[in-house]
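Below is one structure, written out as structure tokens, with a few remarks after it.
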Amino acid sequence: MDVSNILNNLNDAQRDAVTGALDNMLVLAGAGSGKTRVLVHRIAWLIQAEGLSPHQILAVTFTNKAAREMRGRIEELLGFTNRSMWVGTFHGLAHRLLKMHWREAKLNENFQILDADDQLRLVKRIAKQLDLDESHWPARQIVGFINAQKDEGRRAAHIDPGQGDMYQRTMVRVYTAYEEACERSGMVDFAELLLRAHELWLYHPELLQLYRQRFGHILVDEFQDTNTIQYAWLRVLAGDAVSITAVGDDDQSIYGWRGAKIENIQQFSRDFSDPKIVRLEQNYRSTSNILNAANAVIANNAGRLGKELWTEGMEGEKIDFYAGFNEQDEARFVVDQILRAVDDGMARSDIAILYRSNAQSRVMEEALIRSNVPYRIYGGQRFYDRLEIKNALAYMRLLVNRHDDAAIERVINTPVRGIGSKTIDTMREYARDHGCSLWHAGSAMVVNKLLPNRANSALEAFYDLIERLDGDTKELELAELADHVITVSGLIEHHRKEKGEKGQARIENLEELVSACKVYEPSNDEEERSVLADFLDNAALDAGEAQADEFEDSVQLMTLHSAKGLEFDTVFMVGVEEGLFPHKMSVSEPGRLEEERRLCYVGITRAMRKLYITMAESRRMHGSETYNTPSRFIKEIPTEYLTEIRMQAKVSRPVSFSRPSSPSAGFDDYDIPDTGISLGQRVYHSIFGEGVVINFEGQGKSARVQVNFDSEGSKWLVLAYAKLQAI
DNA sequence: ACTGTAGTGATTTTT
DNA sequence: TCACTACAGT
């Protein structure tokens with residue numbers, strides 16, 4: 001068999017990984033080292049050279065995007081599509097298993113997926129029922145607790161309520177009630193998908209056996225991001241029977257706060273017999289300056305598996321470092337550079353602005369808008385997460401499963417139809433007392449006339465609506481059904497009445513939903529499934545992109561987290577200051593600081609040709625001014641790879657003035673002789689190289705002045721200053 | 001059921 | 001600062 005197409009254009013290490021025997025293998029793949037390529041080629045190799053059938057391959061990723069890309073590239077390489085190959089996310093595959101074996105998993109056939117938002121609402125409701133004060137027991141925290149337990153494979157019953165403090169006991173109480181509520185309404189949250197899939201192996205050895213026989217090899221992408229339950233699921237599935245190729249980079253583990261266990265990558269060598277270890281260290285992405293800087297930063301982390309990226313590429317330009325005197329100035333600098341680059345013919349889409357937290361995007365956006373630079377923000381609310389879409393989906397969910405409490409809660413009075421909180425409360429109470437779903441409770445209340453007349457007829461009307469929708473749409477195509485639902489439910493009319501452009505946008509989104517239904521292709525599952533149910537599951541598991549693809553060439557804005565896996569010609573890493581990056585919430589614990597450093601490493605290695613690092617010496621955050629020093633990560637980059645961009649002084653004539661008593665605090669009205677500038681309310685200094693840089697703003701002017709202390713320490717000698725535009 | 005306001009709290013978020 | 005929430009008043 002000719003396998004040259006699989007092995008061409010691979011370097012030695014890559015080829016080593018691709019052609020490794022059908023045994024356990026751990027591929028430590030540095031940033032930009034061709035990780036996906038290796039994964040894809042290995043699958044092709046297993047099929048063409050090792051003679052595995054696609055049916056015997058299981059490939060697991062974390063994101064739908066990665067799964068799609070992998071499948072696409074395999075097809076490209078092999079020249080054929082094969083649906084029998086399992087390629088998907090952990091959650092997607094778990095869902096698939098549970099759908100196929102719902103009986104064994106003790107689920108009902110039409111179980112629905114509870115997304116993060118529904119989960120929060122449900123927990124809020126339960127906490128309220130248990131009389132927990134919301135300020136004391138924030139729902140977010142409870143959700144965090146529950147998910148963390150599930151990620152560790154622990155059910156409420158596994159946690160001894162006798163043990164532990166008040167906190168733990170309360171959490172377990174809610175956890176228990178939450179489990180019951182999910183059970184009752186046939187809902188499964190994200191973590192539950194994984195946990196149930198794991199339990200499926202534990203409680204049904206015959207099924208486990210079946211899959212062990214089926215799969216010849218398992219491949220796992222982004223292994224450093226697996227959490228306990230995902231790891232356990234893989235480990236049990238593989239046993240001694242199935243071999244695994246795990247690909248990952250411990251230096252890019254940035255989801256520890258979501259339960260990812262970086263140790264899994266070390267644990268692999270212990271749990272899976274005698275794995276072959278391959279390191280991919282040649283980088284094909286960045287210039288050597290960028291790469292060396294990244295290496296230098298990450299070298300400060302302890303306990304790494306050890307890996308040093310190198311490149312045959314050019315040294316390239318140095319990294320530009322710019323310290324703006326505030327976030328406006330920082331943004332102005334970034335936009336100036338972008339304008340210049342675009343003038344020189346660069347595509348805007350080759351430029352990315354990366355920041356630590358979403359709140360930083362705003363200043364950047366404003367600056368981009370001022371200069372008419374098109375941009376696109378990643379992250380934020382995704383299509384299927386939008387309110388109006390979720391409402392429409394809730395109606396559709398009710399058609400599949402009347403006992404979907406989360407869906408009922410969402411739309412029973414949206415649009416308003418006179419079912420107030422009192423009525424809903426009564427329903428909830430009834431449901432709780434009788435251990436039934438809200439749907440059940442409501443219909444029992446209608447039948448037994450347990451409600452005041454007005455509420456009763458309102459509720460009756462709602463039931464009629466749902467039943468009528470169901471009847472009307474039985475024979476319809478998915479898109480027609482969606483269209484029917486959003487019209488007849490009154491959602492469209494509801495948003496039409498909304499004032500402002502918001503309502504219009506929502507209607508457009510609803511229409512977009514109908515279009516999405518039109519082009520939806522159901523996954524060819526083995527068993528017969530309703531297209532509607534399939535569509536709904538897909539919407540929950542793959543929330544879609546935040547924005548529809550715009551054709552206009554735009555600068556890319558995103559958090560460092562969402563930049564993982566991407567690359568750009570030019571990258572601006574902004575807000576690189578102590579307190580923000582590393583974030584102040586992460587500096588106290590060494591482990592979390594290291595994760596921040598890995599995030600920095602991820603950021604640096606996104607850049608192919610040119611990297612800018614910027615900061616703001618003062619920044620308005622949560623309403624008050626903060627004064628920042630450059631991030632420790634910047635200091636970890638050897639100066640030989642850095643250039644500091646400084647404002648050019650327009651005047652270079654030494655002048656001196658009295659040193660204020662407290663240099664870091666604001667001080668008032670110092671005139672700088674012969675410059676016409678007086679110091680304003682805010683002053684900040686930071687130390688770079690030779691002198692001290694002070695930023696002045698006040699009286700409509702701002703300036704940046706480089707000063708040295710005089711020998712007595714009571715005077716500052718101004719060496720140079722530059723006027724900036726009025727702010 | 002809508003509207004105004006007072007209070008709060010504020011990283012990151014693949015599924 | 002700002003955006004979201006809860007609740008009180010109409």
Side-chain angles (χ1 to χ4, degrees), chain A residues 60-68 88-95 113-117 119-120 124 128 133-135 138-141 143-144 147 150-151 188-195 197 221-222 224-227 229-230 252-260 327 354-363 378-382 384-385 413-422 497-499 537-546 558-566 575 579-587 592 595-596 598-600 602-603 619-626:
Chain A
V60 196
T61 63
F62 274 85
T63 66
N64 292 295
K65 199 171 145 203
R68 274 192 292 270
T89 63
F90 277 102
H91 293 85
L93 295 166
H95 177 250
I113 296 166
L114 199 67
D115 67 24
D117 190 53
Q119 187 187 27
L120 186 68
K124 256 188 195 153
K128 200 171 258 173
D133 174 23
E134 250 187 287
S135 58
R140 292 209 158 277
Q141 196 179 17
V143 168
N147 289 338
K150 291 192 179 189
D151 284 347
V188 171
D189 64 44
F190 288 131
E192 184 76 24
L193 286 170
L194 303 174
L195 183 50
D221 192 15
E222 306 277 18
Q224 76 284 348
D225 289 336
T226 51
N227 65 26
I229 195 78
Q230 287 161 337
Q252 292 190 69
S253 162
I254 55 175
Y255 285 104
W257 51 276
R258 268 186 115 277
E327 72 272 27
L354 309 182
Y355 35 81
R356 175 68 241 263
S357 64
N358 284 311
Q360 289 168 259
S361 73
R362 193 134 117 202
V363 196
Y378 283 78
Q381 221 184 23
R382 281 180 283 193
Y384 290 114
D385 282 340
N413 201 30
T414 310
V416 285
R417 47 174 73 89
I419 304 175
S421 51
K422 186 80 190 40
K497 278 188 265 180
E498 235 173 343
K499 47 187 177 286
D537 289 339
N538 188 270
L541 284 169
D542 186 359
E545 289 286 317
M558 66 193 83
T559 63
L560 287 154
H561 282 88
S562 30
K564 193 172 76 152
L566 306 177
L580 190 56
F581 188 31
H583 199 276
K584 58 178 174 301
M585 317 225 56
S586 301
V587 287
R592 305 187 65 182
E595 183 153 307
E596 295 278 305
R598 292 193 290 270
L599 192 56
C600 182
V602 167
R619 183 183 292 278
R620 256 191 121 61
M621 277 188 96
H622 316 314
S624 56
E625 205 91 2
T626 56

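Letters go in sequence order (proteins before strands), and every chain restarts at 1. Keep in mind that this is a model prediction, so the values were computed, not measured.
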State plainly whether the residues A/Asp225 and A/Lys564 are in salt-bridge range, i.e. N to O under 4.0 Å.
yes
Rounded distance in Å - CE (A/Met621) to P (C/dC2):
14 Å
Basic-acidic side-chain contact under 4.0 Å: A/Arg598, A/Glu595
yes
Here the pair of heavy atoms bringing A/Glu222 nearest to A/Phe62 is O-CE1, 3.2 Å
Got a second to check how far A/Ile254's CD1 is from A/Cys600's SG, nearest 0.5 Å?
11.5 Å
Among residues at least two apart in sequence or on other chains, which ones pass salt bridge (Lys or Arg N to Asp or Glu O under 4.0 Å) with A/Glu327?
none
Summarise how protein sits on nucleotides 10-15 of chain B as a single string, 5' to 3': B when a protein heavy atom is under 4.0 Å from the base, S for sugar-phosphate-only contact, - for no contact.
BBBBBB
Apply the salt bridge (Lys or Arg N to Asp or Glu O under 4.0 Å) test between A/Asp542 and each candidate in A/Lys65, A/Arg382, A/Arg68; give the one that qualifies.
A/Arg68
When all nucleic acid strands are considered with a 4.0 Å heavy-atom cut-off, which category describes A/Arg417: base, sugar-phosphate, or nothing?
nothing
Contact class for A/Gly565 (heavy atom, under 4.0 Å): base, sugar-phosphate, or nothing?
nothing
C1' atoms of C/dA3 and B/dT14, separation to the nearest Å:
26 Å
